[in-house]
Amino acid sequence: MLKIWGRATSSNVQKVTWLAEEIGLPYERIDIGGPFGGNQEPAYRAMNPNGLVPTIQDGDFTLWESNSICRYLANRHSAHVWYPTEFRARADVERWMDWSTSMLGPAAFDGFWGLIRTPQADRKPAAIRASGERTDKALGVLDALLANRPWIAGDHPSLAEITLGIHTYRWRNLPWAQAGHTPAALPNVVRWYEQLAARPAYRKIVMIPIT
Ligand SMILES: N[C@@H](CCC(=O)N[C@@H](CS)C(=O)NCC(=O)O)C(=O)O
């Protein structure tokens, strides 16, 4: 059975477990990283020299990097509605996967870290607000796209949803008000987020307390 190494609260682990749930793939998830530790142990670093989660083992094949894992699993299990084979449709999905790591993730990072991982006394509200504004601006690009289509790459959710949907949950549920930020309205992103929230796999894997 597929093994997924990584704590359930990691957004990068959630991409992998959410996809596995969506395509009905059995897996065993092993808690590692964060409060569980173990990710700097030599045995784990032999699988993933970064000491980060997630890592998967599929038989004798080991892989790290969450977006690459999602592409591998979709290919391996012919989940083509999630990862189309037609090359332009595939490029469209991959573009948004790359955008999630190059634009949206970095924009949101200081907000998440400041509001969730930093004791209140040490918080820098201006940095959190700036992160909130960068996140709103990035999501504005997605909002314009979603004005004309139900899902990012067309009529069915794809790996683009998997890599962006984890960030949107946090954008909607971080306590931005504690730093004086009010997220932008972005009606199309909100409608799309509500579509995700109607999916049992998203509710089970992603809609959990943010820690
Ligand atoms: N680019 C990597 C990033 C992995 C990453 O940063 N993982 C974080 C959790 S989201 C981690 O391992 N943090 C250390 C820990 O959880 O102990 C990926 O997408 O897999």
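All ligand and atom numbering here is 1-based and tracks the order in the structure.
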Note: Asp58-Lys3 ion pair, threshold 4.0 Å (strictly below): no
List of N/O pairs, ligand 1 versus protein, all under 3.5 Å?
unit_1   : atom_1 : unit_2 : atom_2 : d
ligand 1 : 1 (N)  : Glu65  : OE1    : 2.9
ligand 1 : 1 (N)  : Glu65  : OE2    : 3.1
ligand 1 : 7 (N)  : Val53  : O      : 2.8
ligand 1 : 12 (O) : Val53  : N      : 2.8
ligand 1 : 16 (O) : Arg7   : NE     : 2.9
ligand 1 : 16 (O) : Arg7   : NH2    : 2.9
ligand 1 : 16 (O) : Gly34  : N      : 3.4
ligand 1 : 17 (O) : Gly34  : N      : 2.7
ligand 1 : 17 (O) : Asn39  : ND2    : 3.1
ligand 1 : 19 (O) : Asn12  : OD1    : 3.3
ligand 1 : 19 (O) : Ser66  : N      : 3.3
ligand 1 : 19 (O) : Ser66  : OG     : 2.6
ligand 1 : 20 (O) : Ser66  : N      : 2.9

NZ/NE/NH1/NH2 to OD/OE distance under 4.0 Å, Asp31 and Arg29: yes
Partners meeting side chain to side chain contact (heavy atoms under 4.5 Å, CB included) with Arg117 (sequence neighbours left out): Arg7, Phe112, Trp113
Pairs of donor and acceptor atoms involving the side chains of residues 146-154, under 3.5 Å and at least two apart or interchain, shall be tabulated with distances.
unit_1 : atom_1 : unit_2 : atom_2 : d
Arg149 : NH1    : Asp92  : OD2    : 3.4
Arg149 : NH1    : Ile152 : O      : 2.7

side-chain hydrogen bond (donor to acceptor under 3.5 Å, both in side chains) pairs, two or more places apart, involving residues 199-211: Glu21-Lys204, Glu22-Arg199
Pairwise side-chain contact, Tyr44 with Val53, heavy-atom cut-off 4.5 Å (strictly under): yes
